[in-house]
Amino acid sequence: MPKHTTKRMKPLNKPRKQLSPLQKKLMASHKSHHTAKHMKEMRSLMKRGFCFEQAHRQAMRKVGK
């Protein structure tokens, strides 16, 4: 794959209405290191089916820390 093309991430899980208890726990500890905008973006991505790591990477690229 050429360097100038990007591989689009696909959600690992199915979309859901709310986060699982484990995801909520991870987000609570993650909250102290990141801005509200970053957290909001991550929450929306995780509800769309992205895992924690995927959501974090995309949020960092889109809105930063």
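The figures that follow rest on heavy atoms only: side chains count, while hydrogens, waters and symmetry mates do not. One is the number of the first residue; the rest follow in order along the sequence.
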Going from CZ on Phe52 to CG on Leu19, what distance comes out if it is rounded to the nearest 0.5 angstrom? 10.5 Å
Provide the closest heavy-atom pair for Met27 versus Arg43 in the form atom of the first, atom of the second, distance. CE-N, 3.9 Å
Distance col, row Leu12:CG vs Glu53:CD, nearest 0.5 angstrom, shows 9.5 Å
For residues His56 and His30, determine if any side-chain heavy atom of one lies less than 4.5 Å from a side-chain heavy atom of the other. yes
Determine whether a donor-acceptor pair (N or O, by modelled atom type, separation under 3.5 Å) exists between the side chain of Gln54 and the backbone of Lys10. yes
Given His34 and Met42, is the side chain to side chain contact (heavy atoms under 4.5 Å, CB included) satisfied, shown in steps? CA-CA 11 Å; His34 296 280; Met42 273 192 73; over 6 Å; no
Do you know which two heavy atoms are closest between Met46 and Cys51, and how far apart they sit? CG-O, 4.3 Å
Donor-acceptor pair, side chain of Gln23 and main chain of Ser20, under 3.5 angstrom: yes
Could you tell me if His33 and His38 have a donor-acceptor pair between their side chains, going purely by distance under 3.5 Å? no
To the closest 0.5 Å, what do you measure between CG (Leu26) and NZ (Lys31)? 14.5 Å
With side chain to side chain contact (heavy atoms under 4.5 Å, CB included) as the criterion, how do Glu41 and Met60 come out once you've worked through the C-alpha distance, each side chain's angles and the decisive distance to 0.1 Å? CA-CA 9 Å; Glu41 182 66 23; Met60 286 297 285; over 6 Å; no
Can you tell me how far the NZ atom of Lys62 sits from the NZ atom of Lys37, to the nearest 0.5 Å? 9.0 Å
